[in-house]
Visitor: 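Once you've had a glance at the structure underneath, I'll fire off some questions.
None of these values were measured; they are calculated from a predicted model. Starting from 1, each residue takes its place in the sequence as its number. Because only heavy atoms are used, hydrogens play no part in the values below, and waters and symmetry mates are left out as well, while side chains stay in.
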Amino acid sequence: MCNIIEITDFAAPELDLYARISETQLLRWNEPKEGIFIAESPKVIERALDAGCIPISFLSERKYTEGPAKKLIERCGEIPVYTAELPVLTKLTGFQLTRGMLCAMRRPALLPVREICANAHRIAVLENVMNPTNVGAIFRCAAALNMDAVLLTPGCSNPLYRRAIRVSMGTVFQVPWTFFGEGREVCHDIWPRQGMKLLREMGFKTAAMALGDNSIGIDDRRLKELERLAIVLGTEGDGLTAGTLAGCDYIVKIPMSHGVDSLNVAAASAVAFWEISKSIC
């Protein structure tokens, strides 16, 4: 049975998750246990539920409770569905909801790198990618172009920030991922030294996306013949650190024209994943 609750008081504490708590605070809400994230739009929420994420409550434009999201709400039983017209929700949250719905959900526990990569052959490693939009776009590319997993260094934006989830179209719930340092692999120098060591132990060769005198093309045959390959992508602007470049097996570039020397990290990921996926039978 649906539990539809009309919003009459902006200050109601049950609305704090949507109105007065930052995403960083939500991330740490239940420390030392996992925190909370906000999923936006019925399609994204559906993918989160399909992945086993546990809902806490909904915030929904009134018309959606009897429209596109009705089956979604019914699927979640009696959890609260706080509702109002769109202008009221926009005033409450400070932004206009995409497709009229948010859902507060419990963060799933992250698995260690070895478990995420146990059966993987092509993975992406993100080094200090700090823009949630870029993180979300990379995940969408990874899902579409046959990447088996995504690993993130501790300096990356969290893939379960609302904007990253929305830009990814919910593929953050479909592509296995974790941060270096989760589970038993925690140490003070997790990346690049320990992270690279871990990748080598699992049989991965590493290909850093960067320009350099010794760069090879992303279409180089040697990359396609590798059994396990990690594509390493760097932060916006500065790219990969010197330590990471020194530790990778290959430096890889995307050939370009018209004097352009680089692409946005999300665009570069799409090109790299597409080319590398051609080697997958």
Visitor: Please determine whether the number of non-hydrogen atoms from other residues, nucleotides or ligands lying under 6.0 Å from atom CG of Asn214 exceeds 12.
Guide: yes
Visitor: Check for a donor-acceptor pair, side chain of Asn146 on one end and backbone N or O of Ser277 on the other, with a separation under 3.5 Å.
Guide: no
Visitor: Any side-chain to backbone donor/acceptor pair from Ser157 onto Asn131? Under 3.5 Å, distance only.
Guide: no
Visitor: Just so I know, are the side chains of Cys53 and Phe37 near enough to count as touching, which here means a heavy-atom distance under 4.5 Å?
Guide: yes
Visitor: Please determine which of Ile4, Leu17, Leu59 meets the side-chain contact (heavy atoms from CB on, under 4.5 Å) test together with Tyr82.
Guide: Leu59
Visitor: Can you pull out every side-chain hydrogen bond (donor to acceptor under 3.5 Å, both in side chains) where at least one residue sits in residues 42-51? Sequence neighbours excluded, please.
Guide: Asp50-Arg75
Visitor: Using only atom types and a distance under 3.5 Å, with no angle test, would you say the side chain of Arg228 pairs donor to acceptor with the backbone of Met202?
Guide: yes
Visitor: Just checking Tyr64 against Phe58, ring centres under 6.0 Å apart?
Guide: no
Visitor: For Pro159, does its backbone N or O pair with a side-chain atom of Trp177 as donor and acceptor, under 3.5 Å?
Guide: no
Visitor: For Phe180 and Trp191, take the angle between the two ring planes, folded into 0 to 90°, and tell me which bin it lands in: parallel under 30, tilted 30 to 60, perpendicular over 60.
Guide: tilted
Visitor: Just by distance, with hydrogens left out, do Ser41 and Arg166 show a side-chain donor and acceptor under 3.5 Å apart?
Guide: no
Visitor: Look at Arg163 together with Glu23 and state whether they make a salt bridge at an N to O cut-off of under 4.0 Å.
Guide: no
Visitor: Mind checking side chain to side chain contact (heavy atoms under 4.5 Å, CB included) for Pro154 and listing every partner two or more places apart, or none if nothing turns up?
Guide: Ile190
Visitor: Tell me every residue that passes side chain to side chain contact (heavy atoms under 4.5 Å, CB included) with Val265, counting only those two or more places apart in sequence or in another chain.
Guide: Val129, Asn134, Ile138, Leu233, Glu236
Visitor: Of the non-hydrogen atoms in Tyr18 and Ala104, which two are nearest, and what is the gap between them?
Guide: OH-N, 3.2 Å
Visitor: Any donor and acceptor pair, going by atom type alone, linking the side chain of Asn128 with main-chain N or O of Thr235 inside 3.5 Å?
Guide: no
Visitor: Using modelled atom types only, decide if a donor and an acceptor are shared between the side chain of Asp16 and the backbone of Arg20 within a distance under 3.5 Å.
Guide: no
Visitor: Before you tell me yes or no, could you show the steps for Thr244 and Glu127 under side chain to side chain donor-acceptor pair (under 3.5 Å), namely the whole-Å CA-CA distance, both residues' side-chain angles and the distance that decides it to 0.1 Å?
Guide: CA-CA 9 Å; Thr244 296; Glu127 180 184 86; 2.2 Å; yes
Visitor: In Å and rounded to the nearest 0.5 Å, what is the CG to CD1 distance from Leu151 to Ile231?
Guide: 12.5 Å
Visitor: Report the residues that fulfil side chain to side chain contact (heavy atoms under 4.5 Å, CB included) with Ser22, sequence neighbours left out, ordered by chain and then residue number.
Guide: Thr24, Gln25
Visitor: Between the main-chain N or O of Leu152 and the side-chain N or O of Thr178, is there a donor-acceptor pair closer than 3.5 Å?
Guide: no
Visitor: Sequence neighbours left out, cut at 3.5 Å: what donor-acceptor pairs do the side chains of residues 84-95 make with other protein atoms?
Guide:
| residue | atom | partner | partner atom | Å |
| --- | --- | --- | --- | --- |
| Glu85 | OE2 | Arg62 | NH1 | 2.1 |
| Thr90 | OG1 | Leu86 | O | 3.0 |
| Thr93 | OG1 | Leu89 | O | 3.0 |
| Thr93 | OG1 | Phe95 | N | 3.3 |
| Thr93 | OG1 | Phe95 | O | 2.8 |

Visitor: Name all residues meeting the salt bridge (Lys or Arg N to Asp or Glu O under 4.0 Å) criterion together with Lys205; count only those two or more places apart in sequence or in a different chain, and write none if there are none.
Guide: none
Visitor: Going through the distances and angles, do Asn158 and Arg107 end up as a side chain to side chain donor-acceptor pair (under 3.5 Å)?
Guide: CA-CA 11 Å; Asn158 197 287; Arg107 284 176 174 264; 2.9 Å; yes
Visitor: Backbone N or O of Ile123 within a donor-acceptor pair of the Asp148 side chain at under 3.5 Å?
Guide: no
Visitor: With heavy-atom distances below 4.5 Å as the criterion, would you say the side chains of Arg106 and Glu34 are in contact?
Guide: no
